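Heads up, the thing below is written out as C-alpha cells.
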Amino acid sequence: MKTKFLTSAMLALLLAGTLGSCKKAFENSDETYDPSAGTETEDKVNNSEENLDNVIEATIDESPDDYVFDLATANKITGKNSSVQVEGSGAEANGQETTITKSGCYLISGSISDGRITVDLDKEDKGVVKLILDNASVTSSTGAALKIKTCPKVSILLKDGTTSKLISTTTADTSAAIQSNQSIYLSAQSGKTGRLEVSSLRNHAIKTSDGIIIKSGTYTISSKQNDGIQAKDFIKIEDGNINISAYQHALKATSTKENKGFVYISGGNLTLLSQQPASEDSGKDAIHAEGSINIIGGRITMQSGDDGISSGAHIVIKNGTFDIQKSDKCICALGNITIDGGTFTLNPTTTKTSAESGSGHGITVKKTETGKRLGSVNINGGTINISNCYEGVQGVQVNINGGTLIINSLDDAINASEGGNKEPGGGFGGRPGMPGSKPGLPSGGNVGLYMKGGFVMVTSKGDGIDSNGELVIDNGILLVSQNGAGNEPIDAGEGYKPTINGGTVIAIGTKGMASAPNATQTALFTEANGSAGEILAINDAKGKNIMAWKAPQAYNVITMSAPELGSGKYSIITNATVSGTEHTKNTGLYYPADKATGTGTEISLSTGQMTSTSANRGF
C-alpha cells in the first residue's frame, strides 16, 4: 500500500512548479543557479503558482507493516570479530562478509572487525528486508559497512537500550558507510532509546539512490570528507534525535526530476554541522535540496560553511524552532520562501560583507545565472530574530502579513529587489519624474514590499526597509531605525513613493535622502534630532501619549503614523521620560506609554493627510 505523507497544501510548494528540468541549485554561497535554459527556467519559477493545482501528489511506498518487527522469529546474524555466525535462513556468511538473499527479518548483533553486510535479493523477490540492530558493530576498510544492492526496501530497527555502529574507514572514494540503491526506513523500537552511529572516513555517511525516512531513534552521523546523509529522491524526518557532523552537506537531496529531490521534516531534534576545517574557505549547506523543503515542526540547530537551509525550488516552514549560526545565508531558495510560524534565531556570517559575496543574509531569494531573482518572501507568522546580518530579508516581493520580525543589519534590513538591470529603482527612494521611472505599476507579480500585518522592528546602517518598486504599508506595527549616509528609513523605487494606508509607523534616520511618504492615514514627516537610547514620544494636545519608542540609533528625521492620530496639535518629544509597560518586550516601544513627559515641539496634523515640515530631499 502506498501511504501519502504530504498534504496538498504542502505539495503546493513541490515542483511542477518544482523546476523539473533544472540542474544543480546552489553548491556555495557565491554560485548562482545554473539552468539548462535561463529564460525557460525563469518562466517555470515565475509561473509555478499557476501550475500548483496540476501537481500530482508525490507518494512514498510506505506501509505501517514496514515498521513491524518480530524479534522472536528473526533470523540471526552474529559477528564474532573475524567471522560471522548465521542462524536461520536467507543469509550466507563467508568470513566477515554476509549476504542476505531473501526478504524477511534479521537480528544483527556482535562485532565484525573488517567486513560488511550486503542485501542482494533475487529480482523476483518483492518482499521487505527488516534489519534489527542489537549492539551490532560493523567496520569496513574497503567500502560500505551495510550495502543494499537489490531489494524493494529495507527497514532498520534500533533495539531498545542498544548502540549499534556502522563504520567505513576506507580512504578510497568508493561508497558510503551505508550505501543503498533503494529506500531506507529507520526507526527505534519504542521511540528514542535505540542508538545508531554511522561514520565514514572518505565518502558520505549514508547514501541512497532513492529516499530515506527517519521515524524515531537517536543518531550520530559523521563524514570526514563528504555529506552526512545524501538521498536522491527525498529525505523525510518525522522524529528522533539526530546529530550530524559533515565535511560538506549535513542533509542533501539531489534529484532534479519533477516532484523529487525534496526534504520534509515534521519533528525531531536535529543538530547539523556542515563545516570544513578552519583552514578551508567554507563547508557546504546544512540542509540542501534541489527540490522543495517543507518543515512543519521540530527543533533544528545548525552551523554551516555555506548556507543553512537552501532549496533549488521553494521553502515552506509552518512551525518549529530554528537556531542557525555562522551561515552565509541562513534560509535561501531559488523560488518562494513562505514562513507561517515557528521561532527563528538567525545569525549569518558577515565576514564577507560585500553584496557580491552573497554572505550575511538572513532570509533571501537567490539570483539565477542571469542575475535575476524569481521568488518572493512571504512572512505570515512566527517570531524571527535576525542579528548582525548584511541584509535581513530579500526577495522580488516581500509580503509581511503577520508574525514578529526583528532585524539588525549592516545594509538594508528588508529589500524587495529583482536583482536584474531592468527593474525600476536603484535604492535611491521615490523620486517622481526621474528618468526611467515607471509609476503606477500594479502590485501583482512586480517588485514590491507590502506590509499588511505583524510586528517589524529593524535597525540598519543602510536603508531601513527598501523596495526597488512599490512600498505599501496597510497594517501592522513598523519600527525603523536607520543611520547611514546615502540611505533613508523607508525607501521606494524610482518613480514611487512609500505609501502608508494604515498601521502604526515610527521611522527615524538620516535626513540627507529622506522624503515624506504618501499617506491616506494621518501621518507626519519632520526633522528632529535625537540620540541613541533616548525616547521619542508623541502626545496629543492634552498630554496623552499616543506612542513612544526608545531610539536604537541617533537620528535627525522622523516619520510617524498611527490610527490614533487625527486633526489637531501634537507635541513631539525627542528625550522623553516615560512610565508604563512595553508593548512588545525588549523593543522599547510603548503603545501607548502611561505617561510621557519632556520638552516637545508642537506640530499640527490633518486627518488622513501627510503633514511635512521639511522639504522633500534627494538629488
Side-chain angles (χ1 to χ4, degrees), residues 24-33 223 226-228 243-252 270-289 293 295 300-312 315 317 321-334 337 339 342-367 373 375 377 384-395 398 405-415 417 419 458-463 466 484:
K24 285 187 177 181
F26 322 117
E27 287 299 322
N28 60 62
S29 66
D30 297 333
E31 186 175 341
T32 55
Y33 193 73
S223 172
N226 226 304
D227 300 336
N243 190 315
I244 300 178
S245 176
Y247 181 81
Q248 295 192 5
H249 306 90
L251 300 174
K252 184 178 182 181
L270 285 68
T271 301
L272 309 177
L273 175 63
S274 174
Q275 181 72 60
Q276 291 182 3
S279 59
E280 301 285 349
D281 181 50
S282 67
K284 297 294 184 180
D285 308 332
I287 300 178
H288 177 100
I293 296 174
I295 302 175
I300 303 175
T301 301
M302 65 177 66
Q303 180 176 319
S304 67
D306 197 346
D307 300 329
I309 301 174
S310 177
S311 167
I315 294 175
I317 298 176
T321 301
F322 302 82
D323 187 348
I324 305 178
Q325 301 291 324
K326 296 182 180 179
S327 300
D328 285 353
K329 302 173 191 65
C330 293
I331 300 173
C332 60
L334 180 68
I337 300 171
I339 296 177
T343 302
F344 301 79
T345 301
L346 309 181
N347 187 12
T349 301
T350 53
T351 53
K352 311 172 206 173
T353 53
S354 71
E356 291 77 16
S357 75
S359 69
H361 288 72
I363 302 171
T364 188
V365 174
K366 285 199 173 187
K367 294 181 182 180
R373 294 184 186 87
V377 177
I384 304 168
N385 193 315
I386 306 174
S387 60
N388 301 317
C389 61
Y390 181 71
E391 287 191 339
V393 176
Q394 188 172 51
V398 177
L405 179 59
I406 298 176
I407 302 172
N408 187 317
S409 67
L410 297 175
D411 195 40
D412 302 344
I414 302 175
N415 177 246
S417 168
V458 303
T459 304
S460 74
K461 301 298 183 184
D463 290 323
D466 174 30

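Keep in mind it's a predicted model, so treat the numbers as computed, not measured.
Taking the side chain as every heavy atom from C-beta outward, Phe322 and Ile317 approach each other to under 4.5 Å. Taking the side chain as every heavy atom from C-beta outward, Tyr247 and Asn226 never approach each other to under 4.5 Å. In this structure, Asn385 and Asn347 have side chains that are not in contact, with every pair of non-hydrogen atoms separated by 4.5 Å or more. Side chains of Ile309 and Ile315 form a contact here, defined as non-hydrogen atoms less than 4.5 Å apart.
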Please walk me through it: do Ile300 and Ile295 pass side-chain contact (heavy atoms from CB on, under 4.5 Å)? CA-CA 10 Å; Ile300 303 175; Ile295 302 175; 4.2 Å; yes
Kindly indicate, with the supporting measurements, whether the criterion side-chain contact (heavy atoms from CB on, under 4.5 Å) is fulfilled by Ile407 and Cys389. CA-CA 8 Å; Ile407 302 172; Cys389 61; 3.8 Å; yes
Please evaluate residues Leu270 and Leu251 with respect to the criterion side-chain contact (heavy atoms from CB on, under 4.5 Å), reporting the C-alpha separation (whole Å), side-chain torsions for both, the decisive distance (0.1 Å), and the verdict. CA-CA 11 Å; Leu270 285 68; Leu251 300 174; 4.3 Å; yes
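Distance check: Asp323 CG to Phe344 CZ gives 12.0 Å after rounding to the nearest 0.5 Å. Interatomic distance, CD1 of Ile287 versus NZ of Lys252, reported as 14.0 Å (0.5 Å rounding). For the atom pair Ser417 OG and Asp466 CG, the distance stands at 8.0 Å (nearest 0.5 Å). Note that the OG atom of Ser245 and the CD atom of Gln303 stand 10.0 Å from one another [nearest 0.5 Å]. With rounding to the nearest 0.5 Å, the separation of CE in Met302 from CG in Leu272 is 5.0 Å. If you take CG on Asp411 and NZ on Lys461, they are separated by 12.0 Å, rounding to the nearest 0.5 Å.
One N or O on the side chain of Arg373 and one on the backbone of Val365 form a donor-acceptor pair closer than 3.5 Å. Formation of a donor-acceptor pair under 3.5 Å by the Asp463 side chain with backbone atoms of Asp412 is not found in this model.
A donor-acceptor pair shorter than 3.5 Å cannot be found between the side chains of Thr343 and Thr321.
Ile363 pairs in a side-chain contact (heavy atoms from CB on, under 4.5 Å) with only one of the listed residues (Ile414, Val398, Leu405, Val377), which is Val377. Asp307 pairs with exactly one of Lys366, Lys284, His288 by the side chain to side chain donor-acceptor pair (under 3.5 Å) rule, that one being Lys366. In summary, of the residues considered (Ser274, Ser304, Ser310), a side chain to side chain donor-acceptor pair (under 3.5 Å) with Ser327 occurs for Ser304 alone. Tested against Ile386, the residues Leu346, Thr345, Ile331, Asn408 include a single side-chain contact (heavy atoms from CB on, under 4.5 Å) partner, Leu346.
The two atoms that bring Pro348 and Ser387 nearest to each other are CD-O, 3.6 Å, heavy atoms only. Here the closest non-hydrogen pair linking Ala246 and Gly228 is CB-N, 3.5 Å. The two atoms that bring Thr349 and Lys326 nearest to each other are OG1-C, 3.0 Å, heavy atoms only.
The residues Asp285 and Lys329 are annotated as not salt-bridged, no charged nitrogen and carboxylate oxygen being separated by less than 4.0 angstrom.
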